[in-house]
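This report refers to the structure that appears directly beneath it.
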Amino acid sequence: MEPRHRPLSPEFFHQPTLELAKALLGCLLVKETKDGPASGFIVETEAYMGAGDRAAHSYRNRRTKRTEVMFAEPGRVYTYVMHTHTLINVVSGDRDVPEAILIRALEPYEGLDLMSVRRAGRKRKEWTNGPGKLTQALGITREDYGRRFTEWPLYLSSGFVPEQISSGPRIGIENTGKARFYPWRFWVSDNLYVSK
DNA sequence: CTTACGATGTCCT
DNA sequence: GGACATCGTAAGG
């Protein structure tokens with residue numbers, strides 16, 4: 001199958017994780033299923049800095065079936081299940097440097113009819129303003145684990161350049177000591193779809 | 001096999 | 001601001 005948009009090149013992912021977390025803001029995240037394409041612009045990300053980051057699944061280089069893909073080359077898809085929701089990350093860092101970037105919020109772009117069905121009963125603003133919500137809206141599942149963000153059916157494409165970027169502490173990692181205070185969450189300033 | 005728990009969302013007060 | 005549903009993953013017996 002041919003992607004509907006031109007995917008980013010593999011080289012894009014070869015940059016320091018905190019830089020990549022900011023560079024992802026404004027990019028278009030696309031998932032194509034048999035029901036059609038659905039996509040949105042990334043407006044919020046969080047960086048997880050690998051072995052030295054107590055909040056990361058790969059803290060102390062913990063290597064399990066779940067975290068295995070974090071040790072692969074950058075640009076891979078890391079999905080995992082949190083309670084009843086699937087969350088999606090962009091694998092970052094060179095091979096054997098297990099860093100990743102959580103995609104926390106999108107601004108809906110294509111497949112709005114599809115999203116309204118998948119997020120039935122919610123207002124448009126609630127379709128993609130959270131990491132578990134956006135995967136539901138786009139039809140992203142744990143089956144997407146290990147894919148490349150440069151290939152159909154789940155890929156990234158260029159979008160807009162944010163006017164301004166804000167940063168602050170990450171969310172939902174209360175029990176991680178000092179790591180909870182690191183300003184590794186980034187978002188498009190004043191965007192309506194940022195979570196929280 | 002058993003247990004504990006979490007990078008959440010939703011509903012309730 | 002708090003309770004809790006709900007289930008895959010990880011770790012321990």
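Proteins come first, then strands; the chains are lettered A, B, ... in the order of their sequence lines, and each starts at number 1. Scope of the values below: all heavy atoms of this structure, side chains included, with no hydrogens, waters or symmetry mates.
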Of all the choices, C:dA10, B:dA7, B:dG9, which nucleotide is nearest to the side chain of A:Leu102 once you look at every atom? B:dA7
Does A:Arg62 place a side-chain N or O at less than 4.0 Å from the phosphate oxygens OP1/OP2 of C:dA11? yes
Under 4.0 Å from OP1 or OP2 of B:dT8: is there any side-chain N or O of A:Arg104 that close? yes
Any A:His83 side-chain nitrogen or oxygen under 4.0 Å from OP1 or OP2 of B:dG9: no
Ignoring backbone atoms, establish whether A:Thr84 has a side-chain N or O less than 4.0 Å from OP1 or OP2 of C:dA5. no
Reading DNA chain B from 5' onward, which residue's closest nucleotide shows up sooner: A:Ile171 or A:Gln136? A:Ile171
A:Val81 side-chain proximity, nearest of C:dA11, C:dG8, B:dA7: C:dG8
Separation of C:dG8 atom P from A:Tyr78 atom OH, nearest Å, is 15 Å
Would you sort out whether A:Val77 and A:Val69 count as a side-chain contact (heavy atoms from CB on, under 4.5 Å), showing the intermediate values? CA-CA 8 Å; A:Val77 176; A:Val69 75; over 6 Å; no
From NZ of A:Lys196 across to C1' of B:dA7 the rounded distance in Å is 14 Å
Is any side-chain N or O of A:Arg122 closer than 4.0 Å to OP1 or OP2 of B:dG9? no
Distance below 4.0 Å between A:Arg119 side-chain N/O and B:dT10 OP1 or OP2: yes
